Amino acid sequence: MNVLNVAEKPSVAKSVSAILSRNQGMRMREGRSRYNKIFEFNYTIRGQPCHMLFTSVTGHLMELEFDERYRKWHACNPADLFRAPVNKYVPEDKKDIKRTLEEEARRCQWLVLWLDCDREGENIAFEVVDVCTAVNPRLNIKRARFSALIEREIHHAVQNLEEPKKCLADAVDARQEIDLRIGASFTRFQTMLMKDAFVIDTATDGRNLVLSYGPCQFPTLGFVVERYWEIQAHEPEQFWSINCAHDSDGRIAKFSWMRGHLFDYTCAVIIYEMCVEEPTATVTNVRQQEKLKYPPHPLNTIELEKRASRYFRMSSEHTMKVAEELYQAGFISYPRTETDNFSSRTDLHTIVQEQQGHPEWGVYAQRLLDPGTGLWRNPRGGGHDDKAHPPIHPTKFSTGESGWSQDHRKLYELVVRHFLACVSKPAVGAETTVEIDIAGELFSACGRVILEKNYLDVYHYESWGGSLIPTYTIGQQFIPTTLILDSGVTRPPPLLSEADLLSCMDKEGIGTDATMHDHIKKLLDRFYATKDANTRFTPTNLGEALVMGYDDMGYKLWKPYLRAVMERDMKFVSEGNKSKADVLATSLQLMEACFLDARVNKGKLLEAMAIFFERSNRSGNDELHAMGVVRRCGLCQESDMVLRKNRDGNFMVGCVGYPQCRNAVWLPGSLSEAVVTTNTCNICTPGPVYLIQFKFRQLEIPPNYSVNHLGCIGGCDEILSQLTEICGRGSRMPARPRGPTAPTSNAHHTNPRQRPCMNCQETGHSSNDCPLRSGNVGHRGRSEHNGEASVSCSSCGTPCILRTANTANNRGRKFYSCQSQECNFFVWEDSLNNGTGGRSATRSNSIPSSNPRRGGGRGSRGRGGQTGAHTAATTFVSATGDPISGRRCFRCGDPSHFANVCPNRGV
DNA sequence: GCAAGGTC
């Protein structure tokens, strides 16, 4: 009987073949693919002599793609991608493997699937089955389940063959389809929306700029942006603490205040003065304890990446590349593993023995193997096991190979030292804690002596500080050598390092051990974030704007929740508790609704981008001309009606389903500007029908009509109908030059100061200069204006307009906003009434959000975190809430400010 | 030009 065996990768095909054949009578021959060899040997399965043919794939054999007609970006509406047909196909670079499988399957009776024993492995198994059964439907299909490439496991697996599990593969099918549909739809949507609308000056090296969205890459970006916002929002606050030191027997004990620190200066001073008046310290407690510092758990992929980043500042992506090369050359075990627990069957001693000859750590390895030293300890597991691979460990001794780079050496050394540390005893220290009392205040000091370094001898990446303190006895009294009142300022957390980012992703289940580094690299490739020399990530303007835009919409697409829900559903499918179809239907329905909503609210994305980027003047692009969704098309019921500006400069509202759907509303030819607002019509149905802010050319409309008009295209708008009737529709108007230089305008120009303003009917200014004009703020979308100017901007002096907020948290709340585009001043009306005063838009008094930039316009960067600084008007209040009189700056004595904003702070 | 998951 001929048995075709297929593994997930060539190395497994080779290892399993070697185990089953016991390296006797095994022949290797080439397959169609140069990497995937075929091993042949004889083996007996449950008494049945078999001729075994063992080959492999290289991961997934197939990919999921849309039908041909949906692949071109402009061929369909991105929303269609939620329902477009998808197919699995074998990509060109896997065709050779497919051919090998077909040729071998034709002459076999059995197919045994040796794919990795996880969800993806099961899915690949079904891809192999599809290819093989297409040429040989009579194949008897079996699954070999093994948890390690160990002789006993492998023989057991082949003698106890099982059935492949469809529900595991189904879970992956669902994941693939959801990832593809939401990734492609959102990527096309946001790329086409923004790429030509803004000047995004990133050096793409000739590549097309793609603003991709993915359910893993976006939450990864979210972690980076969130930390950045946290730093921006930080308001430094001064605190005080009392520190005490005692110098005796040539040793120093540094006592820290058990209250930690106080933010109330007066309280701190009062307590400090009490201590100074009665400085005698009495020892109240002396505690001596043995402390252990444990070696790390066995190494898995994420830990390898984190430690290489921390110790060598190597990027996770580069680490995996180097690790892969070491693995391919046989020096370390398989580097993509979740497992941090050695199987009890692993021969750990042999691995240590191989390292005995090394000039640097060979002696340590010898000590480990000597039972007399007592250094050996069986490794503690970290509780993770992917059932497919052991923790990363050395598999071949080397003192460095000629082809190795410094990074190869460092990584191999890390793997070896980590392994040796894992099988070593923890370091042992003796800790002494001393507590003292000074005038009723408690202080403590700690000293440590390292008794046994143990694993720290080989794992020199870690250290354990030790310091000797004087000897104390309970009841002993002494006068401290120093007793001082120290001040400090709270600091924001640091930017996320690569190791932090990996931890966030691991904790929230973003990506797999084999893909996390890809998602991090993608942030850099897409220009969403940058990494500094200390491996810390800062979002770029582009990355921040995208997250801000979605956040302003109220969608948490940049949070890990979506992936968590998907993972939960995948688990249900793989356990057979939900069907693939159910999960696909509910998940995609939800995401499609979210997509359509995001498209309606794309103004938020554009607003966020406008904070960081200049608008582009490029034309000829569809998206530039499609200026916002006005309503759902009532004719085709499938697509949206969008406001457009045609090439001849005329406006219309047309269905995006054109040319299949030709529904259109032509607007008056006298229009010079039109902007879709976030306000909706109360009359027209089905809603929402978004109102449009129109601006007409003054000389082309009758004098009794206003140049500015907030109108509706749903049929209820009498003024719009009249103007359309009077001026004719744009579609029939000849193209004309636009703008103030148009000769027709100049011909009849009158002095605007002699005529009443078209906007407010006052004289002395034109409607362009009207203080009640809404123009500038509209594109920032803060909210509609109510048109009442009663406050001047304290920043630039320009009159402010009273507006009504339209955000989720503050809907209906009034605020004054500076009209100047260059100024960010705004103030809540109710804060004026209660006397707290106005400020430039920053986190502390802006629209509450996790996003400190919201509410801020261009120019607000870098100001966050600085506001909230105590001002002259601050009333000083103690911790109990009582006002404190006479409070002054700690540094210069000025009562008008706190020390943290003192002009002499740097002196 | 798009996702994420395998892998050489």
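No experiment lies behind these values; they were computed from the predicted model shown. Letters go in sequence order (proteins before strands), and every chain restarts at 1.
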Base B/dC2 to side chain A/E65, donor-acceptor N/O within 3.5 Å cut-off: yes

Sugar-phosphate only, base, or nothing, as touched by A/E120 at under 4.0 Å among non-hydrogen atoms: sugar-phosphate

Sugar-phosphate, base or nothing in reach of A/P78, heavy atoms under 4.0 Å: nothing

OP1 or OP2 of [N] sitting under 4.0 Å from any side-chain N/O of [X]?
X: A/H519; N: B/dG5; result: yes
X: A/S212; N: B/dA3; result: yes
X: A/Q176; N: B/dA3; result: no
X: A/Y327; N: B/dT7; result: no
X: A/R563; N: B/dG5; result: yes
X: A/R526; N: B/dC2; result: yes

Pair A/E122 + A/R119, salt bridge at N-O below 4.0 Å: no

Within-4.5 Å side-chain heavy-atom neighbours: A/L524 and A/K531: yes

Sub-4.5 Å side-chain heavy-atom contact between A/E498 and A/K306: no

